[in-house]
Amino acid sequence: MSNDSGADKADDDQPGSLEDFSERLERMRGRGEEPAASQQSASAWGRAMRISSDLLAGIFVGCLLGLGLDTWLGTKPLFLLIGLGLGFAAGLRNMMRTLQQENDQSSGN
């Protein structure tokens, strides 16, 4: 009886087979894919924030310039509305240019 337990102990001291090692390695590689998915999600959020900030910056600058001209010239809503429209158009143009650049980069890879 003591010989059987000694043989079991000797088997425990031996390294595992190559198949066991391969299975453990594949499981570990599978776990390594999760951060890549979260990193991809973070990258998508970054692109969305950049695109939305392009649009908002154009609107903000157009409104400020229009408000400044209205204050200077005494024509309260006129240049503010014109600046809002031009700022929106400039923001859309910047947004489309950013999307085009990202599309070119992703198709180039």
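All residue numbers in this chain count up from 1 along the given sequence. Values below: all heavy atoms of this structure, side chains included; hydrogens, waters and symmetry mates excluded. These numbers were taken from a predicted model, which means no experiment stands behind them.
Taking OG from Ser52 and CZ from Arg50, the interatomic distance works out to 11.5 Å, rounded to the nearest 0.5 Å. We find the CG-CG distance between Leu56 and Asn94 to be 12.0 Å, quoted to the nearest 0.5 Å.
Taking Glu102 as the reference, Arg47 meet the salt bridge (Lys or Arg N to Asp or Glu O under 4.0 Å) condition, with sequence neighbours excluded. Among residues two or more places apart in sequence or in another chain, the side-chain contact (heavy atoms from CB on, under 4.5 Å) test is passed with Glu19 by Ser17. In this view, Leu84 and Ile59, Cys63 satisfy the side-chain contact (heavy atoms from CB on, under 4.5 Å) rule, not counting sequence neighbours.
Connection of Leu99 to Leu92 is established within a shared hydrophobic cluster, with ILVMFWY side chains joined at heavy-atom distances below 4.5 Å, either directly or through further cluster members. Linking ILVMFWY side-chain heavy atoms closer than 4.5 Å, directly or via other members, places Ile51 and Leu55 in a single hydrophobic cluster.
Grouped by direct or indirect side-chain proximity (heavy atoms under 4.5 Å, Ile/Leu/Val/Met/Phe/Trp/Tyr only), Leu78 sits with Leu69, Trp72, Leu73, Phe79, Ile82, Leu86. Other members of the cluster containing Leu64 are Phe60, with ILVMFWY side chains joined at under 4.5 Å, either directly or via other members.
The shortest distance between side-chain heavy atoms of Gln100 and Arg97 does not fall below 4.5 Å.
A salt bridge (Lys or Arg N to Asp or Glu O under 4.0 Å) check over residues 53-80, counting only residues at least two apart or in different chains, returns nothing.
Counted within 6.0 Å of CZ on Arg93, heavy atoms from surrounding residues, nucleotides or ligands total 12 or fewer; the atom is thus considered open.
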